[in-house]
Amino acid sequence: TSLKEAPGRILSEAPVAITTFSEAASQGRLGDLKRIALVKIDVEGVETKAVRGMEDFLALGYRPDIWCEVRGDAARRSAGSFRPVSAILKRFGYEPYVWRKGKAPAAPESALARLAVFDLLFVARPIG
């Protein structure tokens, strides 16, 4: 199912409960928050909203790595989502990387923009 409109979709009026990452964390539904080492985000075009839903959690100082499927300007939907996702996470000290037989700095914005759908690994800079 999807919360994003797409060709061939079937519209339903049924309510769907949505909880942000931060809400689930504050409700104790994610266990020991200090033990979260990696968050994988693959939400088919609504990654900016998903990352925004983590802001309260990140504001508390938690810094798991975040592996996020994002979209370049060549994507059919949510084109350019890598920009707002990167900007939000940058405010919390994250830097984007790609994984090519190991962690490597992400390509420049102009190169990422030419892509369609791709993954970025966001790693928080060490404090201090």
Side-chain angles (χ1 to χ4, degrees):
T1 189
S2 179
L3 298 175
K4 187 81 175 167
E5 289 187 24
R9 70 184 171 96
I10 298 172
L11 182 62
S12 171
E13 299 295 327
V16 177
I18 299 173
T19 300
T20 68
F21 189 96
S22 294
E23 289 169 342
S26 70
Q27 295 166 358
R29 294 173 34 200
L30 302 179
D32 183 355
L33 302 180
K34 293 182 289 256
R35 295 193 60 193
I36 298 173
L38 175 69
V39 175
K40 171 64 169 116
I41 300 172
D42 185 347
V43 290
E44 304 304 321
V46 290
E47 46 276 350
T48 302
K49 288 181 179 181
V51 171
R52 282 189 182 127
M54 294 184 72
E55 287 181 301
D56 291 344
F57 168 79
L58 296 173
L60 293 173
Y62 297 105
R63 293 295 182 274
D65 291 347
I66 300 172
W67 191 290
C68 187
E69 181 182 89
V70 292
R71 290 147 195 278
D73 295 343
R76 289 185 298 124
R77 60 180 176 189
S78 301
S81 72
F82 77 95
R83 288 185 190 93
V85 167
S86 297
I88 292 165
L89 293 175
K90 184 177 184 176
R91 291 193 341 252
F92 293 98
Y94 282 88
E95 295 181 8
Y97 293 88
V98 293
W99 194 265
R100 302 281 185 265
K101 296 183 181 179
K103 186 174 75 172
E109 181 179 334
S110 59
L112 296 177
R114 290 191 295 269
L115 301 174
V117 178
F118 57 99
D119 289 333
L120 287 176
L121 173 63
F122 293 91
V123 177
R125 291 185 301 268
I127 297 172

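Note on ring orientation: taking the six-membered ring where Trp is involved, the planes of Phe122 and Tyr94 are perpendicular (angle over 60°, cut-offs 30° and 60°). By the 30° and 60° cut-offs, the orientation of the rings of Phe57 relative to Tyr62 is parallel.
Atom CG of residue Asp65 and atom NZ of residue Lys103 lie 7.0 Å apart, to the nearest 0.5 angstrom. From Asp56, atom CG reaches atom OG1 of Thr20 across 7.0 Å, with rounding to the nearest 0.5 Å. Atoms CG and OG, on Leu60 and Ser26 in that order, are 9.0 Å from each other to the nearest 0.5 Å. The line from NZ of Lys49 to OG of Ser81 is 12.5 Å long, rounded to the nearest 0.5 Å.
Using a distance-only test at 3.5 Å, with no hydrogens or angles considered, a donor-acceptor pair links the side chain of Arg63 to the main chain of Phe92.
One hydrophobic cluster, built from ILVMFWY side chains closer than 4.5 Å, holds both Phe82 and Val46. Placement of Trp67 and Met54 in two distinct hydrophobic clusters is found when ILVMFWY residues are connected by side-chain heavy-atom separations under 4.5 Å, directly or transitively. Leu112 and Ile88 fall within the same hydrophobic cluster, defined by Ile, Leu, Val, Met, Phe, Trp and Tyr side-chain heavy atoms under 4.5 Å apart, directly or through other members. When the side chains of ILVMFWY residues are joined at heavy-atom separations under 4.5 Å, either directly or via intervening members, Trp99 and Leu120 end up in two distinct hydrophobic clusters.
Side-chain contact between Leu58 and Leu89 is present, with heavy atoms from C-beta onward closer than 4.5 Å. Taking 4.5 Å as the limit, every side-chain heavy atom of Val98 sits out of range of all side-chain heavy atoms of Leu121. Taking the side chain as every heavy atom from C-beta outward, Arg76 and Arg71 never approach each other to under 4.5 Å.
Across every non-hydrogen atom of Ala107 and Ala111, the tightest pair is CB-CB, 3.8 Å. Closest approach of Cys68 to Glu47, counting heavy atoms only: SG-CB, 3.8 Å.
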Enumerate, atom names and distances included, each donor-acceptor pair closer than 3.5 Å involving a side-chain atom of residues 29-43, sequence neighbours excluded.
{"residue": "Arg29", "atom": "NH1", "partner": "Gln27", "partner atom": "OE1", "Å": "2.8"}
{"residue": "Asp32", "atom": "OD1", "partner": "Lys34", "partner atom": "N", "Å": "3.1"}

